[in-house]
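Worksheet for the structure shown next.
Treat the numbers as computed from the prediction; the structure is a model and nothing was measured. Note that ligands are numbered from 1 as they come in the structure, with each ligand's atoms numbered from 1 the same way.
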Amino acid sequence: SLVDSSIYRPLVHLTPPVGWMNDPNGLFYDSSESTYHVYYQYNPNDTIWGLPLYWGHATSDDLLTWDHHAPAIGPENDDEGIYSGSIVIDYDNTSGFFDDSTRPEQRIVAIYTNNLPDVETQDIAYSTDGGYTFEKYENNPVIDVNSTQFRDPKVIWYEETEQWVMTVAKSQEYKIQIYTSDNLKDWSLASNFSTKGYVGYQYECPGLFEATIENPKSGDPEKKWVMVLAINPGSPLGGSINEYFVGDFNGTEFIPDDDATRFMDTGKDFYAFQAFFNAPENRSIGVAWSSNWQYSNQVPDPDGYRSSMSSIREYTLRYVSTNPESEQLILCQKPFFVNETDLKVVEEYKVSNSSLTVDHTFGSSFANSNTTGLLDFNMTFTVNGTTDVTQKDSVTFELRIKSNQSDEAIALGYDYNNEQFYINRATESYFQRTNQFFQERWSTYVQPLTITESGDKQYQLYGLVDNNILELYFNDGAFTSTNTFFLEKGKPSNVDIVASSSKEAYHRGPAD
Ligand code: FRU
């Protein structure tokens, strides 16, 4: 093979040991063991999606290193799949599955879609060994509406009514259905939620969680509810995308604050987001699958596996300016590690108070030929508002995340005239050059943190690079872009910062 087999595998982002992975499932935190459990859609028999489909299983104490376990739930027959779903901890044994031999923190019930050739039903299974093995409920299914497009139950506990609440997609009717239950076995339909925004081809993986408002206005509650939804295909960038709605929830009905559809992440590789059950200190943390159905089955798989999760992220709500006259309550994200210092930096470089002029590069001295492929960067920068450029000029600066073995780079650029950021993930890899959906370039608008009277614009950016993933968090996570990439040679090793102007290219006609 042309590429080193371990070249792409991320170090801290979860990947399956072998085989195929898609959506995160059953996320929960076992407080009695201080352990995070992540299950995922798993085909151990191939590196493409296919039946029989299992729940793969991994655990972590720090959310950076992962222990792999045997698949936790599998189908009865080879033409069936245990599709996406969630896990709850049934502390009070509402289901009756447990007795005193299982401590309350480990009374684990999984709620998932059983995908059969002619129907999708919602089924449950329980575990008395902390989530490693499961027993299916003998009277499954718990919900059957005789539909082939009815899936992805996410269950939460709603304190005020002391009930279990399920969001589940009636995928091709564009409905998120809300069911309630006292015992996880008997469910009744409480309401339907439909959006007026992007609907795409179908709805998948809905979910409800609460997030803290960082900068509440007077009269605001401490937290608001967030409804997430995955649509595929139908993303404006093509393929899969996660959207969200902020609003109120009363135990039976979700009422959004407005009719807008907002995207969780403006990259190509962030889908099927799910929040953890029982996250520590009532925080809102979750994770998404870092791929896109448009090309997930085709990306390079030299190491015998395909795809990874995003980093685990923490979610808050914040009023953020989205233009000079408006602010909106935005879902903000940052990577969540159990200890900030767990992400060990091999070498640290600091540059302060530097200014960049056109045709200037700095950063090459950072080159690290022994790179592990894992690096991060944090910067605050100001774009000078008084620079004299004409509209015909293309004046840009780029952060180029470079290979340690070739000139290839993944770039985040800023275009001075358009006042917009762009991603350029063009590489030399055969997959990259030939796949019609793995686009190389697109843009993202980020409203500056501040704009001075003279027009200087300030931005903040945190970037996390892990072999074949680039996660960008702008302005303390108010805007994010998550994208995979495949270098033909080498591993990401350093970040160059390059300013350039391409006046000439714009004025030239066709080549002679
Ligand atoms: C979303 C999804 C879910 C389904 C699962 C099957 O990516 O299509 O709707 O449960 O994947 O693997």
Side-chain angles (χ1 to χ4, degrees), residues 14 16 19-27 38-57 71-75 78-87 110-117 119-125 141 143 147-155 166-177 199-207 228-235 238-243 264-265 268-275 286-299 305-310 437 482 484:
L14 175 63
W20 162 269
M21 176 171 89
N22 59 292
D23 315 357
N25 297 150
L27 308 172
V38 173
Y39 304 79
Y40 53 87
Q41 291 288 282
Y42 185 42
N43 177 7
N45 302 313
D46 206 340
T47 54
I48 54 172
W49 186 92
L51 303 175
L53 199 73
Y54 299 76
W55 272 26
H57 185 202
I73 311 178
D78 283 356
D79 59 353
E80 298 171 2
I82 304 298
Y83 275 20
S84 285
S86 52
I87 275 179
I111 307 95
Y112 56 87
T113 298
N114 192 20
N115 183 276
L116 305 177
V119 72
E120 287 185 335
T121 61
Q122 313 320 318
D123 289 26
I124 62 177
I143 312 181
S147 167
T148 58
Q149 304 296 330
F150 178 47
R151 59 182 176 272
D152 309 338
K154 167 65 177 159
V155 178
M166 176 195 293
T167 44
V168 59
K170 205 70 189 301
S171 297
Q172 301 194 358
E173 290 177 22
Y174 296 117
K175 282 179 190 156
I176 299 174
Q177 301 203 302
V199 289
Y201 173 75
Q202 61 183 349
Y203 285 2
E204 300 185 319
C205 302
V228 295
L229 173 61
I231 60 169
N232 176 64
S235 165
S240 330
I241 199 161
N242 256 117
E243 47 193 46
M264 285 181 85
D265 186 288
K268 277 284 286 203
D269 299 292
F270 190 87
Y271 194 63
F273 170 87
Q274 189 179 106
V287 63
W289 177 44
S290 202
S291 191
N292 189 311
W293 280 114
Q294 281 186 321
Y295 47 68
S296 51
N297 284 296
Q298 284 87 40
V299 299
Y305 80 95
R306 267 208 183 92
S307 86
S308 76
M309 294 301 170
S310 71
F437 299 115
T482 303
T484 56

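Looking at D152 and V168, their side chains never come closer than 4.5 Å, going by heavy atoms from C-beta outward. For the pair M264/E243, no side-chain contact is recorded, criterion being any heavy-atom separation below 4.5 Å from C-beta on. Residues Q274 and S86 have side chains in contact (heavy-atom distance under 4.5 Å, counting atoms from C-beta outward).
Every atom of ligand 1 with a heavy atom of Q41 under 4.0 Å away is listed here by number and element: 5 (C), 6 (C), 12 (O). With ligand atoms numbered from 1 in the order given, ligand 1 contributes 6 (C), 12 (O) to contacts under 4.0 Å with heavy atoms of W49. Listed by number with element, the atoms of ligand 1 under 4.0 angstrom from any heavy atom of L53 are 12 (O). If you number the atoms of ligand 1 from 1 as listed, the ones under 4.0 Å from a heavy atom of D23 come out as 1 (C), 2 (C), 3 (C), 5 (C), 7 (O), 11 (O).
With rounding to the nearest 0.5 angstrom, the CD1 atom of I143 is 8.5 Å from the CD atom of Q177.
For ligand 1, none of its N or O atoms has an N or O atom of W289 under 3.5 Å away.
The ring of Y203 has its center closer than 6.0 angstrom to the ring center of Y174.
Summarising the geometry of P206 relative to R151, their closest heavy-atom pair is CD-O, 4.5 Å, with the distance given to 0.1 Å.
Compare D152, N22, N43, T113 by their heavy atoms: the one nearest to atom 9 (O) of ligand 1 is in D152.
Only the side chain of Y271 comes within 4.0 Å of ligand 1, counting heavy atoms alone; its backbone N, CA, C and O stay farther away. Using a 4.0 Å cut-off between heavy atoms, A272 makes no contact with ligand 1 at all.
Protein heavy atom closest to atom 8 (O) of ligand 1, with residue, atom name and distance, is E204 OE2, 2.9 Å.
Aromatic ring orientation, F270 versus F273: parallel (interplanar angle below 30°, classes split at 30° and 60°).
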